[in-house]
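Here the structure comes first, spelled out in C-alpha cells, and everything after it is commentary.
Model, not experiment: these values are computed from the prediction. Residue numbers begin at 1 in each chain, while the letters A, B, ... track the order of the sequences.
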Amino acid sequence: MITDVRVRFAPSPTGYLHLGGLRVALYNYAFAKQNNGKFILRIEDTDQARLVEGAVENLVSSLEVMGITYDEGPEKGGEYGPYFQSQRLDIYRKYIDELIEKGHAYYCFCTKETLDEMRAEAQKEKNFFKYDRRCHRLTKEEIQAKLDAGEPYVVRLKMPDERIFTFNDLVRGEVSIDVKQVDDQVILKSDGFPTYHLAAVVDDHLMKISHVFRGEEWLSSTPKHIFLYECFGWTPPQWVHLPLILNKDKSKLSKRKNDVAVETYLEKGYNKEALINFIALLGWHPAEDRELFTMDEIIKEFSIERVNKAGAVFDLTKLEWMSRMYFRSSNLQSVADYAKTQFEKAGIDISDNDKYLRVIDKAREYITTIDQIIEHSEMYYSLGELEEKDAEMLDNEESQTVLKFMAKAYDSENVLSPDELNDITKESIKEVGIKGKKFYFPLRLALIGKGHGPDMPAIYHILGKEEFINRIKKAIK
RNA sequence: GACCCCUUCGUCUAGUGGACUAGGACUCCAGAUUUUCAUUCUGGCAACAGGGGUUCGAUUCCCCUAGGGGUCGCCA
C-alpha cells in the first residue's frame, strides 16, 4: 500500500459529468480507497465565461449515483478548503506576487489583438508560436506607469531560455519536452482570475495532492507545472496521464460524435454498475481474463501499472452487452427499485409487491436498458388489444379447441409445479392432436397477448393459478 | 507545420525473449438445446503496421519509416 495518498478530481463546472471525467474520477477514487487515502473533489471554476448554472450540483449528483463519493469537497468541506477555486482568489494572488517578486513572472500589457497579430505572423511561417516577451523588457517605471493608468494586464510565467524538461509519468515512463516548445503561459488573466496552470499547481500543493490523474491532453503542459513547483520550492506530485477515450474515428471523444454525458446514459436507462464496469475497462485491465467487476473489485484490483498507454475507442455495443448482463445478474430488489419509475410513468399499478418481483425477475432477462422493462412486463398486468391477424388466429377452430381443452387441463385444486405443468401440457398435446405453433401460439395469445414470450411455467408462476386459468377462459368464444 | 505521445483481431484487451499453432471478451456467422422469442451451450471468422538490427531465438529489446492521436488560448 502507498501511504499518504491524496488524490483529486478537478472538473470545471461546464454542465455535466463527461464519460472521460467519470473514468478519471473512478481511477482516482479506486486508487484512494485501495491505499486508504483521501479523494478530493475540487471545482475549477476560474473561467467566468463558461460557468453554467447548476453544473456543480449536477456533477456532484452524477458522481453520487455512480457510487463515487469524495472525502473532501463542496458541501462536505474539509481541512484544505475552500474547494471552489473562485473562492481562493486571494491565495492565488499572493503566490503570483511572489513569482513576480522572484522574477519568475512578469506583467504583460499586450492586448488580445496584438497577440492575435503575432500568432497570425507565426502561422505564416508555420512556426510554433511563442510570445516574444516584449513586455518583459519594460522598465520598472514603465510598468508602474501602466499599472497606475489602470491599463489592463495579465501575468505571465517566465520560462527558462534553455532547458529540456524530463519527468516521470507513472503510465508513460520518462517523458522529455524542450522548453523551446513551451510558451510563457498566462497565469493571471486580466479579470483577476488565475488560469488552470497556476491554480491547479497551487491547490494541488496546498491540498497535499500526492498523485495527479488527468487526461493525456495535459502531457505537453506538464513542464509549465513542474517549473511552477520549482519556482515555489515545492515537490511535484506523481504524474499519471491517462490515455484518451476515443470516438469511432479515433479522435478524442466528443459531443458531436457521441453521447458523452454520464446523465444521458443514465437517462437512457443503462445499468449503472455496468457503466462503471465498462468505463473502468477502457484503458485498464487486470491480468486475468475476467471482465465483470463490482466497484469493490475494481478498488481491489486497480493498479496504475496496468493502465494502457494507447487511447480506447468507446464501443456502445459492448456497453449494451454489459448492461444486459448486469440486469440479469444483479440483485433483484435493486433492479425492481430502479424499474419503479418506469411503471409509474406507464401508469401500471404495482402495489402487489410479490407479483411485481416475479414480473421483474422474468422481464429483466430481456432488457438492455431499464425503459425496455415495460414492454416485457405490461402484459402481466393487463392485456392490450390483439393485432388483427392474432385475433383471427385466436378465433379459429383449432385455437378454440386448444383453449377449451387447456382451460380444463390446467385447472386444479393445488398450485401446479413447473414439472406438473409441463407434464399436463405434453399429455394434452397428444390428446388434442394439435402441436407446435398451432398449440402454443393461441395459448400465448390468450395469456400474454403475443405469440412470443416466456414458457408456460414461467407465465403460470407470474400470473398465479387463478389469473392464468381466467385468461385462457376469457379467450374462449 | 513544430513538438510530444501512441501502434496485438472491426472494438476492448492478455501477452514483459522460447510455454504463441498469439489467449479472452464484445460483435458477426454456423450448429445444438428450447413449443416460440430471449437465454444457454458448442464451434467458426478475425490481429502482432512495415523495414532494419540485437539474439541460437523476437509480439516482446533498439533504430528508422509509416499511420493515428494530443498540444500549440487571458478554456480546462
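- Rounded to whole angstrom, the span from the CG atom of A:Leu115 across to the C1' atom of B:C74 amounts to 8 Å.
- Checked against the 6.0 Å centroid threshold, A:Tyr70 and A:Phe39 do not count as a close aromatic pair.
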Could you go step by step and tell me if A:Val359 and A:His376 meet the side chain to side chain contact (heavy atoms under 4.5 Å, CB included) rule?
-> CA-CA 9 Å; A:Val359 168; A:His376 295 284; over 6 Å; no

Report the C-alpha distance between A:Tyr95 and A:Leu206 in whole Å, list the side-chain angles of each, state the deciding distance to 0.1 Å, and finish with yes or no for side chain to side chain contact (heavy atoms under 4.5 Å, CB included).
-> CA-CA 11 Å; A:Tyr95 285 105; A:Leu206 260 24; 3.7 Å; yes

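- Stacking annotation: A:Tyr440 is stacked on the base of B:U35 (ring centroids less than 5.5 angstrom apart, interplanar angle below 30 degrees).
- Of the candidate nucleotides B:C5, B:G73, B:U40, B:G73 has the atom nearest to the side chain of A:Phe129.
- For A:Ser220 against B:C4, a side-chain-to-base donor-acceptor contact under 3.5 Å is absent.
- Within the 4.0 angstrom heavy-atom criterion, no nucleotide atom of any strand lies near A:Pro243.
- Of the side-chain N and O atoms in A:Arg306, one or more sit less than 4.0 angstrom from OP1 or OP2 of B:G15.
- Closest to the side chain of A:Asp455, from the set B:U71, B:U35, B:G69, is B:U35.
- Looking only at side-chain heavy atoms (C-beta outward), A:Leu447 and A:Ile472 come within less than 4.5 Å of each other.
- Side-chain atoms of A:Lys180 stay outside donor-acceptor range of the base of B:A2, with no qualifying N/O pair under 3.5 Å.
- One interatomic measurement links the two molecules: CZ of A:Phe441 to P of B:U36, which rounds to 12 Å at whole-angstrom precision.
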